[in-house]
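So the structure is just underneath, and the comments pick up after that.
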Number of protein chains: 2
Amino acid sequence: MFETAVHDGRLARGERTRTAVLDAAVSLATEAGLDGLSLAQLAQRLGVSKSGLFAHWRSKEELQLATIDRARDQWAERVVAPAMRAPRGVRRIYALHEARMGFYEKAVLPGGCFFANAEFEYSVRPGVVRDRLVELFREWMCLLERLVGDAVAAGELPSDTDLPQLAFEIEALGMVAVVQSRLLPPTPAYAYARRAVRDRLRMLCRDPSLLPEVDA
Amino acid sequence: MFETAVHDGRLARGERTRTAVLDAAVSLATEAGLDGLSLAQLAQRLGVSKSGLFAHWRSKEELQLATIDRARDQWAERVVAPAMRAPRGVRRIYALHEARMGFYEKAVLPGGCFFANAEFEYSVRPGVVRDRLVELFREWMCLLERLVGDAVAAGELPSDTDLPQLAFEIEALGMVAVVQSRLLPPTPAYAYARRAVRDRLRMLCRDPSLLPEVDA
DNA sequence: CCTACCGATCGGTAGG
DNA sequence: CCTACCGATCGGTAGG
């Protein structure tokens, strides 16, 4: 009993350490790249030795995979979850776009978007890292398509709406907003991305009042 | 006279070599990244020694800047120039988008788009490389805005068209199409990007017949 | 243009 | 978890 408690305490502490290391890795990867992420740099930033990191992940590749999964959890918690509190339909689609813009604008990650950066970096670099990124990208696009499908099912969007087409457009506007925001700040890119998605949805929606007013 | 001819011949040969090296650098950079571009790898791919490259560019940074300018010339020649043969107005806007999609689809560069990749890689990495990328990005967005402005001036688009807004949307669709094409080929991303720009322009255009028919 | 070499940093390992 | 070390590769230089 006592030994189990000690064991659990150690596990819990280990888990907290692990998460803290991975949060730093996600953040560093948005600046240096997921490949540029160096074990020595990460160790130094955290005040531990390099071999301390090897105790948790046996290779750089394992660390990269763990970093990707941590970035996914962070995204699920800080972008997807808040949007899911909006009512199903076009309001939820827009809430997701808005949560995404907010995540970028708050500069949660110094390099903007972990996934956008990593997808460009690994788009033609075969291996397990790329495979995992592709898997999560598919998951993300499926979520977008499902939310669009929900809006169609709710009668808010026309029944002939092309789900993947609209999902692609929303994804494009979100991804390009974040890179432009880092490339030339301050930038109206977020305003353009918000307006484009809002106008597109209002144009299609049977009840445009479900979406925010278009400002002058 | 004779000496000048020899001199010119050498210069011309040197220039051809220089361009061939830079073409390889542009191509390699789309795979390994503009930072991941290593002098040793580039030298090996070209069958020359590393110091042979240092004879042309005194540092990696100089090579990176020359590579960026070469990518720009390639883009001007293979994407912008063909589009400029279309009549001014919405047809030219769409021709530019189409030339861009064609450039990506033909896989002129294995990693898709030199600029999209480099902009993500250097969006938060200060220095002269980033500065040059920002300059060229501004130049590109100005071109897009100018073409949209021409279409307004020609009376093909409404006079209250938001030029940078529409330019942003076109840029977003083009940039995301190329990364998705590399991330999960074959992909309908190009079809989505073409259709989105076409529909957007047709919706705004006073004479939709200027744009390609929307297929089923 | 070449060979040969420099110090720095990389990912990873040995031994404790 | 640490120190100490490995071979490989990096950008860059010396000397010719």
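Just so it is clear: chains get the letters A, B, ... in the order the sequence lines come, proteins before strands, and each one is counted from 1.
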> Under a 4.5 Å cut-off applied to non-hydrogen side-chain atoms, are B/Y122 and A/R182 in contact?
Replying inline: no
>> When you compare the side chain of A/E169 with that of B/Y192, does any pair of heavy atoms fall below 4.5 Å?
In response: no
> Do any N or O atoms from the side chain of A/H97 and from the backbone of A/R92 form a donor-acceptor pair under 3.5 angstrom?
Replying inline: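 Not confirmed, A/H97 side chain does not pair with A/R92 backbone.
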Looking for any heavy atom pair under 4.0 Å, which part of the strands does [X] touch: base, sugar-phosphate only, or nothing?
{"X": "B/E62", "value": "nothing"}
{"X": "B/E61", "value": "nothing"}
{"X": "A/S51", "value": "base"}
{"X": "A/L37", "value": "sugar-phosphate"}

> Applying the salt bridge (Lys or Arg N to Asp or Glu O under 4.0 Å) test to B/D23, which of B/R16, B/R78, B/R70 qualifies?
Replying inline: B/R70
> Paired stems touching DNA chain C, three or more consecutive Watson-Crick or G-U pairs with both distances under 3.5 Å?
Replying inline: C:1-16 with D:1-16
> Is B/R132 salt-bridged to B/E135, going by a charged N under 4.0 Å from an acidic O?
Replying inline: yes
>> On DNA chain C, does the nearest nucleotide to A/L39 precede the nearest nucleotide to B/S49 from the 5' side, or the other way round? Give the residue.
In response: B/S49
> Will you find, in the side chains of A/E171 and A/W140, an N or O donor that is under 3.5 Å from an N or O acceptor?
Replying inline: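 Judged by distance alone, the side chains do pair up.
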> Judged by modelled atom types alone, do B/Y190 and B/R194 share a side-chain donor-acceptor pair under 3.5 Å?
Replying inline: no
> Quick one: side-chain contact (heavy atoms from CB on, under 4.5 Å) partners of A/P110, sequence neighbours excluded?
Replying inline: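 Result, side-chain contact (heavy atoms from CB on, under 4.5 Å) vs A/P110: A/S27, A/T30, A/E31.
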>> With a strict under 4.0 Å distance from non-hydrogen atoms of chain A, what nucleotide opens and what nucleotide closes the contacted stretch of DNA chain C, reading 5' to 3'?
In response: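 So the outermost contacting nucleotides come out as C/dC10 to C/dT13.
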